[in-house]
Trainee: 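This structure is in structure tokens; I'll ask about it shortly.
We count ligands from 1, going down the list as the structure has it; atoms in each ligand are counted the same way.
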Amino acid sequence: MERDVDRFAEAESQDNGKPVHLAHEVDIPRAVANLRFFATAILHQQSEAHLTDGLAVNYTDRQPIGVAGCISPWNLPLYLFTWKVAPALAAGCTVVAKPSEVTPWTAYLLSRVCAEEGLPPGVLNIVHGLGPKVGAAMSAHPDIPAISFTGGTRTGAEIARTAAPLFKKLSLELGGKNPVIVFDDCDFEAMLTTTVRSSFRNQGQICLCGSRILVQRGSYDRFRAAFVERTKALHVGDPKDPGSDLGALVSKAHLEKVLGHVEIAKSEGGRILCGGDQVHLEGALSGGWYMRPTVIEGLGPQCRTNQEEIFGPVVTLQPFDTEAEALTLANSTPYGLAAVIWTKDLQRAHRVARGVQSGIVWVNCWMLRDLRTPFGGVKQSGVGREGGWEALRFFTEAKNVCVRL
Ligand code: NDP
């Protein structure tokens with residue numbers, strides 16, 4: 001796969017609309033890292049043994065769970081596909097894996113590479129087809145005892161409804177409405193640069209993007225002016241152009257959904273500080289699904305714009321005064337996937353990180369990943385954890401063996 005990196009990056013961009021350079025920088029290297037990491041992690045996995053009151057030895061025998069079902073979304077097609085498939089294969093499972101039908105190409109290319117490299121037939125079975133048909137059939141299939149799913153919260157609930165009465169193991173990585181909390185004492189320049197990225201990378205279509213920017217009152221005006229200026233300077237353009245910061249959104253339906261959210265924000269009284277509209281490119285790209293990055297202010301925490309996942313290049317700004325208020329705002333949605341905290345105060349960083357209801361917290365950074373750490377959300381952002389040992393354990397069944405001495 002590594003030798004074919006150009007082919008994969010171009011396929012990912014054509015399927016998804018993202019800039020080719022982004023697929024080169026993020027999607028493809030991270031997909032390679034997933035495969036490498038789990039291929040070596042399994043060599044170092046440990047099992048537990050206990051001497052029980054001097055009477056017995058208890059040990060845990062972890063065996064592959066069987067056929068693993070993996071269902072992944074369209075936003076980071078190969079990266080999230082390999083994030084599931086790699087630990088399942090490493091744990092010794094055979095796999096039935098379904099990429100999103102919106103972006104199936106890189107998973108198909110991966111199947112070609114696997115066949116060329118001699119992966120035995122039947123080990124990795126990549127199935128193509130629409131979610132409500134093929135994904136639903138996987139969730140309901142009695143011979144698939146575990147489903148690892150990444151996608152929208154509503155789809156996750158549907159899968160859980162089908163799979164729970166069948167007592168399947170479930171890992172659900174779902175949507176988010178992630179807060180970015182900016183305190184007055186932060187490193188302003190570093191925060192600004194990273195917050196532009198955490199807002200609009202991949203056209204805002206990363207589950208970990210910060211979509212609600214909470215800014216302490218003392219910095220609010222300065223932040224708003226600088227952030228809007230940087231956002232306006234982002235170049236929306238041809239995904240093949242290395243100078244494009246944003247490419248196209250994934251589909252016409254998704255663009256319409258995101259633009260619809262801008263209309264909702266306006267009807268709720270939100271002020272559009274920049275963006276909010278489609279970008280019409282010329283020539284072969286005319287009619288493409290491009291959108292200007294959008295910044296909105298003036299909305300309270302309970303309005304739809306600050307409650308619902310938009311999953312596009314749209315962020316809101318909200319001011320706060322105290323640390324307690326920042327936490328109340330941060331925790332005011334049904335989601336709990338990721339949060340970003342910007343402060344130089346070490347104690348506050350730890351306090352707020354503990355208080356924020358979120359599975360992943362970044363302090364003074366964003367999207368730094370250590371594949372050994374657990375990954376996942378709380379509340380409606382999901383159940384179960386992926387990454388590291390958690391993923392390898394998910395795809396195994398633990399058996400306790402107690403041997404009398
Ligand atoms: P969807 O939930 O629409 O789809 C995800 C996957 O599920 C696709 O492969 C889809 O197939 C399939 N699917 C759809 N309906 C069913 C069903 N009834 N039964 C089984 N499978 C089904 O999500 P999107 O593809 O729109 O992805 C965006 C969402 O994913 C956002 O909410 C985002 O936050 C979330 N996400 C979460 C991440 C996390 O780590 N928590 C990471 C990345 C994204 P098809 O598309 O072929 O119809």
Trainee: Could you check atom 46 (O) of ligand 1 against the protein and tell me its nearest heavy-atom contact, residue, atom and distance included?
Mentor: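 Of every protein heavy atom, Ser100 OG, 2.7 Å lies nearest to atom 46 (O) of ligand 1.
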
Trainee: For ligand 1, is any non-hydrogen atom under 4.0 Å from Leu80's backbone (N, CA, C, O), its side chain (CB onward), both, or neither?
Mentor: side chain

Trainee: Hey, are Asp241 and His21 close enough side-chain-wise for a donor-acceptor pair under 3.5 Å?
Mentor: no

Trainee: Assess whether side-chain hydrogen bond (donor to acceptor under 3.5 Å, both in side chains) is satisfied between Lys84 and Thr150, documenting all intermediate values.
Mentor: CA-CA 9 Å; Lys84 297 178 175 306; Thr150 299; 2.8 Å; yes

Trainee: If you measure from each non-hydrogen atom of Met138 to ligand 1, which part falls under 4.0 Å: side chain, backbone, both or neither?
Mentor: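 Under 4.0 Å from ligand 1, Met138 contributes no heavy atoms.
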
Trainee: Which of these, Leu273, Val295, Val215, sits in a side-chain contact (heavy atoms from CB on, under 4.5 Å) with Arg224?
Mentor: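 Going through the options one by one, the only one that passes is Leu273.
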
Trainee: Does ligand 1 have any atom sitting under 4.0 Å from a heavy atom of Gly382?
Mentor: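 Per 4.0 Å heavy-atom rule, Gly382 does not contact ligand 1.
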
Trainee: Using a heavy-atom cut-off of under 4.0 Å, does the side chain or the backbone of Thr162 touch ligand 1, or both, or neither?
Mentor: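 Answer for Thr162: neither.
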
Trainee: Among all protein heavy atoms, pick out the one at the shortest distance from atom 25 (O) of ligand 1; state its residue, atom name and that distance to 0.1 Å.
Mentor: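 The closest one turns out to be Trp74 CD1, 2.9 Å.
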
Trainee: Answer yes if a protein heavy atom lies under 4.0 Å from atom 40 (O) of ligand 1, otherwise answer no.
Mentor: yes

Trainee: Between Thr153 and ligand 1, which part of the residue brings a heavy atom under 4.0 Å of the ligand: side chain, backbone, both or neither?
Mentor: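 Neither; no heavy atom under 4.0 Å.
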
Trainee: Quick check: Ile71 and ligand 1, any N/O pair under 3.5 Å apart?
Mentor: no

Trainee: Under 4.0 Å, heavy atoms only, figure out whether ligand 1 is touched by the backbone of Thr150, its side chain, both or neither.
Mentor: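 Thr150 to ligand 1: contacts from backbone and side chain alike.
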
Trainee: For ligand 1, which is the ligand I care about here, please tell me if Pro73 has any N or O atom under 3.5 Å from one of the ligand's N or O atoms.
Mentor: no

Trainee: For ligand 1, is there an atom lying under 4.0 Å from some heavy atom of Gly376?
Mentor: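 Outside the 4.0 Å threshold, so no.
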
Trainee: Begin with the C-alpha distance, continue with both residues' side-chain angles, and end with the deciding distance and a verdict on side-chain hydrogen bond (donor to acceptor under 3.5 Å, both in side chains) for Thr153 and Gln380.
Mentor: CA-CA 7 Å; Thr153 295; Gln380 290 188 20; 5.3 Å; no

Trainee: What's the shortest heavy-atom distance between Gly276 and Leu259, and which atoms?
Mentor: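 That closest heavy-atom pairing would be O-CD2, 3.8 Å.
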
Trainee: Considering only the protein, which heavy-atom contact is closest to atom 48 (O) of ligand 1, and what is its distance?
Mentor: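 That would be Gly131 N, 2.9 Å.
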
Trainee: Kindly say whether Leu368 contributes a backbone atom to a donor-acceptor pair with the side chain of Trp362 at under 3.5 angstrom?
Mentor: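 A pair under 3.5 Å: yes.
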
Trainee: Nearest protein heavy atom to atom 35 (C) of ligand 1, by residue and atom, and its distance?
Mentor: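 Among all protein heavy atoms, the one nearest atom 35 (C) of ligand 1 is Gly151 O, 3.2 Å.
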
Trainee: Should Asn75 be counted as touching ligand 1, given the test is an N or O pair under 3.5 Å?
Mentor: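 No, Asn75 has no N/O under 3.5 Å of an N/O on ligand 1.
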
Trainee: Tell me yes or no: between the side chains of Arg112 and Tyr108, is some donor less than 3.5 Å from an acceptor?
Mentor: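 There is such a pair (donor and acceptor under 3.5 Å, judged by atom type) between the side chains of Arg112 and Tyr108.
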
Trainee: Could you check whether atom CZ of Arg369 has more than 12 heavy atoms from other residues, nucleotides or ligands sitting under 6.0 Å from it?
Mentor: yes

Trainee: Is the closest side-chain donor-acceptor distance between Trp105 and Gln14 under 3.5 Å?
Mentor: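 No donor-acceptor contact under 3.5 Å links the two side chains.
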
Trainee: Strictly by modelled atom types, are Thr52 and Asn58 linked by a side-chain donor-acceptor pair under 3.5 Å?
Mentor: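 Looking only at side-chain atoms, Asn58 and Thr52 do form a donor-acceptor pair, the distance falling under 3.5 Å.
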
Trainee: Please work out whether any backbone atom (N, CA, C, O) or any side-chain heavy atom from C-beta onward of Glu101 is under 4.0 Å from ligand 1, and answer side chain, backbone, both or neither.
Mentor: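 It is both backbone and side chain that touch ligand 1.
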
Trainee: In the protein, which heavy atom is nearest to atom 37 (C) of ligand 1, and how far is it?
Mentor: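 Going by distance alone, atom 37 (C) of ligand 1 is nearest to Leu174 O, 3.1 Å.
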
Trainee: Please say which of Lys399, Glu48, Glu397 ends up in a side-chain contact (heavy atoms from CB on, under 4.5 Å) with Arg62.
Mentor: Glu48

Trainee: With heavy atoms under 4.0 Å as the rule, classify the contact between Leu208 and ligand 1 as side chain, backbone, both or neither.
Mentor: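 No part of Leu208 is near ligand 1 at this cut-off.
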
Trainee: Among protein heavy atoms, which lies nearest atom 8 (C) of ligand 1, and at what distance?
Mentor: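 Here the nearest protein heavy atom works out to Ser72 O, 3.3 Å.
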
